[in-house]
Amino acid sequence: MNAPASPQAGVSPRLPVSVLTGFLGSGKTTLLQKLLHHPGMARTAVVINEFGEVGLDHLLVAKASENMVLMDSGCLCCTIRGDLVDTLRDLFLKRVRGDIPEFDRVVVETTGLADPAPIIHTLMSDPLLAARFRLDGVITTVDAAHGANQLDRQPESVKQAAVADRIVLTKTDVATPATTAALMQRLAAINPAAPVIPAAHGDVDPKTLFDAGLYNPETKSPDVARWLKEEAYRDDHHDHDHHDHDHEHGHACGPDCGHDHGHDHHHHDANRHDDHIRAFCMVVDEPIPWNSFIDFMEALIAVGGENLLRIKGLLNVKESELPVVVHGVQHMFHPPVRLEEWPSDDHRSKIVFITRDISEAVIQPMFDQFVRGTTESA
Ligand SMILES: Nc1nc2c(ncn2[C@@H]2O[C@H](COP(=O)(O)OP(=O)(O)OP(=O)(O)O)[C@@H](O)[C@H]2O)c(=O)[nH]1
């Protein structure tokens, strides 16, 4: 367990890492094959499992070292050696020594069944990696044709969509517009703030995938509004009362339902995995004592760490004039960051949650118990 530590000032210029995940066969390799040749991937190091799987065209590449090749696009492609920690350390050292061309960002592919959380945790918790790399975002491929079925049956696929910062909707060329639209609606309910980028055969502009983190390289400063997108969670349409939502979209009926909902009947499974996902935002008017916030987070992690899929927050902390940003995936938190200024005149705290089986009705009383009591007596 790690609740947020004390806030550090500023956002450091560590190398951004994007984690590419997605269910088995959802099109990660196809996307990578296209990306590796895209001019927009210059100065990017892509870490894959094996060269064979992305079928590199050897006429177009130069070997940079044993497990690394340089693509004509200027993209450096390397295979995992040892584990991710070893591979990223090795990349960083070779870059510093000038053994390989400079790169400005890293993309790490996960295997299809992988839960992306341990990779994110590794990036956050390994001291050497955390000093040199920062998580830019999680990119999740979802199959437009089979995604709904996978969401119904495979809890990993729901989790992959829930922790995403960007969702690439693959195989849009073979899915019907109605199937694609219904899936997009489900994805928006699971993860209201993640843009869904349709892509046939991996055809996507890399620019739409990157710079999903707090740090905006264009402005060279933190961009909280773009990162937090709390307004997406406040939209009633996305606010997760699954009963209303399901009723509206016809997913709450039982097997004997006679309605024609225009969907496959397996969507009516009462155990549909995305019905367990909640996405909501808490807004707090009063400044929050930092220690009370830590107590609240520790209590929350103790109750449901595994089920806290993603937490992002902009906090008005009682002890500081300046806002503090917190970011967690399950039980792990990035070191909190103290910003140099408020992003707007709105100085309320905003915390967005994507959880599994933990509703706002559970979290709000815990917040009141640990935080609200202290703000009132303070
Ligand atoms: N029609 C169509 N087929 C696609 C598209 N993207 C991927 N495919 C096909 O779907 C199959 C699986 O794609 P991959 O890119 O291997 O998927 P993956 O996620 O890397 O698969 P794993 O590594 O097994 O997890 C392949 O036969 C691809 O050719 C697409 O946009 N349209």
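Start at 1 and go down the list; that is how both ligands and their atoms are numbered.
How far CG of Asp203 is from NZ of Lys34: 4.5 Å, rounded to the nearest 0.5 Å.
Although no hydrogens or angles enter the test, the distance criterion places a donor-acceptor pair under 3.5 Å between the side chain of Lys28 and the main chain of Gly22.
Residue Thr30 places at least one N or O, backbone or side chain, under 3.5 Å from an N or O of ligand 1. The shortest N/O to N/O separation between Ser26 and ligand 1 falls below 3.5 Å. Any N or O atom pair closer than 3.5 Å counts here, and Thr172 shares no such pair with ligand 1. Taking any N or O of Gly25, backbone or side chain, at least one lies under 3.5 Å from an N or O belonging to ligand 1.
Atoms of ligand 1 lying under 4.0 Å from any heavy atom of Ala200, numbered from 1 in the order shown and given with element: 31 (O). Those atoms of ligand 1 that come under 4.0 Å of a heavy atom in Phe23, given as number and element, are 19 (O). Listed by number with element, the atoms of ligand 1 under 4.0 Å from a non-hydrogen atom of Val174 are 1 (N).
Contacts between Leu24 and ligand 1 below 4.0 angstrom, taking non-hydrogen atoms only, involve backbone and side chain alike. At a heavy-atom distance under 4.0 Å, atoms from both the backbone and the side chain of Thr29 approach ligand 1.
Other residues, nucleotides and ligands contribute more than 12 heavy atoms inside 6.0 Å of the CD atom of Glu102.
Lys312 forms a cation-pi arrangement with Trp227, by the criterion of a distance under 6.0 Å to the ring centre and an angle within 45° of the ring axis. For the pair Arg95 and Phe103, the cation-pi criterion (under 6.0 Å, within 45° of the ring axis) is fulfilled.
Across Glu109, Glu50, Lys171, heavy-atom proximity to atom 8 (N) of ligand 1 is greatest for Lys171.
Tracing side-chain contacts under 4.5 Å through hydrophobic residues (I, L, V, M, F, W, Y), one reaches Leu91 starting from Val85; they form part of the same cluster.
Test Thr87, Asn67, Val46 against Thr79 for side chain to side chain contact (heavy atoms under 4.5 Å, CB included) and you get one pass: Asn67.
Aromatic rings from Phe133 and Phe92 are positioned such that their centres are separated by under 6.0 Å.
Using a non-hydrogen distance threshold of 4.0 Å, Gly22 does not register as a contact of ligand 1.
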